Number of protein chains: 2
Amino acid sequence: MATDIPDIVIGRLPIYLRELTRLAEEGKQKTTSSHELGHRLGISSAQIRKDLSHFGEFGKQGTGYHIGYLTEQLSDILRLSSEWDVAVVGAGFLGHALAHYNGFLDRGFRIACIFDNDPQKVGEKMGELIVQPDTDLEKIIKHKQIKVAILAIPPHVAQPMTDRLVNAGVKALLSYAPIHLTVPEGVQVSYSDPVIQLQRMTYYL
Amino acid sequence: MATDIPDIVIGRLPIYLRELTRLAEEGKQKTTSSHELGHRLGISSAQIRKDLSHFGEFGKQGTGYHIGYLTEQLSDILRLSSEWDVAVVGAGFLGHALAHYNGFLDRGFRIACIFDNDPQKVGEKMGELIVQPDTDLEKIIKHKQIKVAILAIPPHVAQPMTDRLVNAGVKALLSYAPIHLTVPEGVQVSYSDPVIQLQRMTYYL
DNA sequence: CACCTTTCGTGTAAGATTTCACAATGATAG
DNA sequence: CTATCATTGTGAAATCTTACACGAAAGGTG
Ligand SMILES: NC(=O)c1ccc[n+]([C@@H]2O[C@H](COP(=O)([O-])OP(=O)(O)OC[C@H]3O[C@@H](n4cnc5c(N)ncnc54)[C@H](O)[C@@H]3O)[C@@H](O)[C@H]2O)c1
Ligand SMILES: NC(=O)c1ccc[n+]([C@@H]2O[C@H](COP(=O)([O-])OP(=O)(O)OC[C@H]3O[C@@H](n4cnc5c(N)ncnc54)[C@H](O)[C@@H]3O)[C@@H](O)[C@H]2O)c1
């Protein structure tokens, strides 16, 4: 049941999870339907049912899905039952925003440490954390067994830093640097480049 | 030629453009091939050729693509020949990072104004800009004919702010708020939620 | 010039994803 | 208890996307 599930399906699960959490917060109802969820997300109900059916039968005919139960199941599928420690590399503007962002904790992640190579930044307090020198990066990541990192450093140092992180055991990497990164098989990479996103939209304007 | 081009193809053009710019910066060569470009991006050469062929014939057999020429063509296709003015809404941590980011200018966008509703933030200097009160938002956006906006405000005010922006004439919106937005037909929306991206990766860990 | 190498552009095949549509199931109301 | 209604889970069809493979062009070489 766990094999062979298309990436594109996995990619939608976090969206479902996020909307289920919103539904739970609204607190108006204990259950929802594929139709309601789809309507709220601009996705067809059939797609939602098909996606979920890859993992089991979570709904009930006539009633729909129990919001709490489906939330739990999706959290389990996405391995969010316990928190992932995350390392942030780069304590500039973006690192600053990330360190202060409180939207990670209740969704399965905790910023566990933040690194910089600028002596001026090292030691500075950021949110709950203190900026660490990048020379300690390998030691701390190995010691805390950190598997997830966020890159918020300039593009020209992103690839070498990626290599260091992977070498220290990081398996999932979200990069804000506007550059394609090369990683070994088995390491996940994801990118966030606002300019790419804007450029995708201007075509249609 | 302009109709019927799949969104997924449009979505890759900015990636090609970004890598072409890097190649130009490296300055080692005047031309590149679909094979080289694909190799650098982890995309098949056939896909690159097929994607480009939707818009015309930009290459030369035996030689490949002239980097400068292809860059120009892609910029034209994506409507990046002249700069788009961009409004940033929300002068918090993220708005701060965006206002100081110098990676927009050379890729077709210019942050033209930044808004906040917090009297403490209004008037503050951010990068080259001064934070404007959100009450002036409609006036300024209409006056400058701004079509592109970035949302960096809390989730619960994101939908009403979207409605205001769309009403003022915004046609493309990049939102950092972790919530699905509803917009009228013809308005483009794009999202950036790092938690969604991390959750997509933890499944594979 | 004849030959070789490179690389494009593209028709077609293969594969992936979405949509359709319906039997089956559970809830509800009279 | 039966009829009605809502909604799931899922094969099959339709659509979309990627990969393959090759003829044709361009440039270089002897
Ligand atoms: N600011 C934005 O809104 C924004 C938006 C999109 C993308 N980005 C990208 O995100 C990245 C960071 O952006 P930023 O605005 O925070 O930049 P920034 O210059 O404010 O911060 C970068 C930080 O990285 C540190 N650094 C540099 N080399 C390092 C190394 N080898 N090891 C550890 N730390 C190192 C610097 O000391 C600095 O503190 C850049 O790649 C940028 O292109 C930024
Ligand atoms: N900080 C991060 O790293 C990060 C990461 C991902 C997503 N986000 C999301 O991005 C958004 C902004 O995050 P942030 O960290 O900058 O938050 P922030 O609290 O630092 O900034 C939000 C700003 O929006 C302003 N604001 C609130 N309501 C407004 C309104 N109606 N009109 C105009 N301005 C208004 C506030 O005054 C504040 O200055 C949030 O939705 C957050 O969930 C943040």
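Source: prediction; values computed, not measured.
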If I take atom CG in residue B:L70 and atom C1' in nucleotide C:dT7, what distance separates them, rounded to the nearest angstrom? 14 Å

Given the options A:R110, A:K147, A:K144, A:D85 meets salt bridge (charged side-chain N to carboxylate O under 4.0 Å, His left out) only with A:R110

Measure CD1/B:I48 against C1'/C:dT10 and give the value in whole Å, please. 16 Å

side-chain contact (heavy atoms from CB on, under 4.5 Å) against B:V166, all qualifying residues, sequence neighbours excluded: B:T162, B:V183, B:P184, B:V187

Heavy-atom check, side chain of A:Y101 versus side chain of B:L94, under 4.5 Å: no

Indicate yes or no: does A:R164 engage A:D134 in a salt bridge with an N to O separation below 4.0 Å. yes

Just to be sure I follow the notation: if a pair is Watson-Crick (purine N1 to pyrimidine N3 plus N6-O4 or O6-N4) or a G-U wobble (N1-O2 and O6-N3), each under 3.5 Å, what dot-bracket string does DNA chain D give, with | for pairs to another strand? ||||||||||||||||||||||||||||||

Quick test of your reading of the model: are A:D193 and B:R18 salt-bridged, counting only N-O distances below 4.0 Å? yes

Residues A:R22 and A:E36 bridged, charged N to O under 4.0 Å: no

Is the shortest side-chain heavy-atom distance between A:E19 and A:I15 below 4.5 Å? no

With a 4.0 Å cut-off (strictly under) to non-hydrogen atoms of chain A, the first and last hit nts on DNA chain D, 5' to 3', are D:dA6 to D:dA12

List the atom pairs, with distances to 0.1 Å, where a side-chain N or O of residues 42-52 of chain B and a protein N or O form a donor-acceptor pair under 3.5 Å, not counting sequence neighbours.
{"residue": "B:S44", "atom": "OG", "partner": "B:Q47", "partner atom": "N", "Å": "3.1"}
{"residue": "B:S45", "atom": "OG", "partner": "B:R49", "partner atom": "NH1", "Å": "3.3"}
{"residue": "B:R49", "atom": "NH1", "partner": "B:S34", "partner atom": "OG", "Å": "3.1"}
{"residue": "B:D51", "atom": "OD1", "partner": "B:R12", "partner atom": "NH2", "Å": "3.0"}
{"residue": "B:D51", "atom": "OD2", "partner": "B:R12", "partner atom": "NE", "Å": "2.6"}
{"residue": "B:D51", "atom": "OD2", "partner": "B:R12", "partner atom": "NH2", "Å": "3.2"}
{"residue": "B:D51", "atom": "OD2", "partner": "B:Y16", "partner atom": "OH", "Å": "2.6"}

Would you say A:L80 and A:L17 make side-chain contact, with heavy atoms under 4.5 Å? yes

Beyond-backbone contact of A:V88 with A:M126, side-chain heavy atoms, under 4.5 angstrom: no

Any Lys/Arg nitrogen of B:E185 or B:K171 sitting under 4.0 Å from an Asp/Glu carboxylate oxygen of the other? no

Proximity to DNA chain D (any heavy atom under 4.0 Å), residues of residues 30-42 of chain B only: none

What's touching nucleotides 16-24 of chain C from the protein side, N or O pairs under 3.5 Å?
{"residue": "C:dT18", "atom": "OP1", "partner": "A:R12", "partner atom": "NH1", "Å": "3.0"}
{"residue": "C:dT18", "atom": "OP2", "partner": "A:R12", "partner atom": "NH1", "Å": "3.3"}
{"residue": "C:dT18", "atom": "OP2", "partner": "A:R12", "partner atom": "NH2", "Å": "2.8"}
{"residue": "C:dT18", "atom": "OP2", "partner": "A:Q47", "partner atom": "NE2", "Å": "2.9"}
{"residue": "C:dT18", "atom": "O5'", "partner": "A:Q47", "partner atom": "NE2", "Å": "3.1"}
{"residue": "C:dT19", "atom": "OP2", "partner": "A:S44", "partner atom": "OG", "Å": "3.2"}
{"residue": "C:dA21", "atom": "N6", "partner": "A:R49", "partner atom": "NH2", "Å": "3.3"}

Take the protein atom CZ of B:F58 and the nucleotide atom C1' of C:dT10, then report the distance between them rounded to whole Å. 15 Å

Evaluation steps, side chain to side chain contact (heavy atoms under 4.5 Å, CB included), between A:L174 and B:M201: CA-CA 9 Å; A:L174 168 56; B:M201 296 192 283; 4.2 Å; yes

Looking only at the side chain of A:K60 (C-beta and beyond, no hydrogens), which of the listed nucleotides C:dA27, C:dT10, C:dC8 gets closest? C:dA27

Taking C-beta and beyond as the side chain, do B:R40 and A:T182 meet within less than 4.5 Å on heavy atoms? no

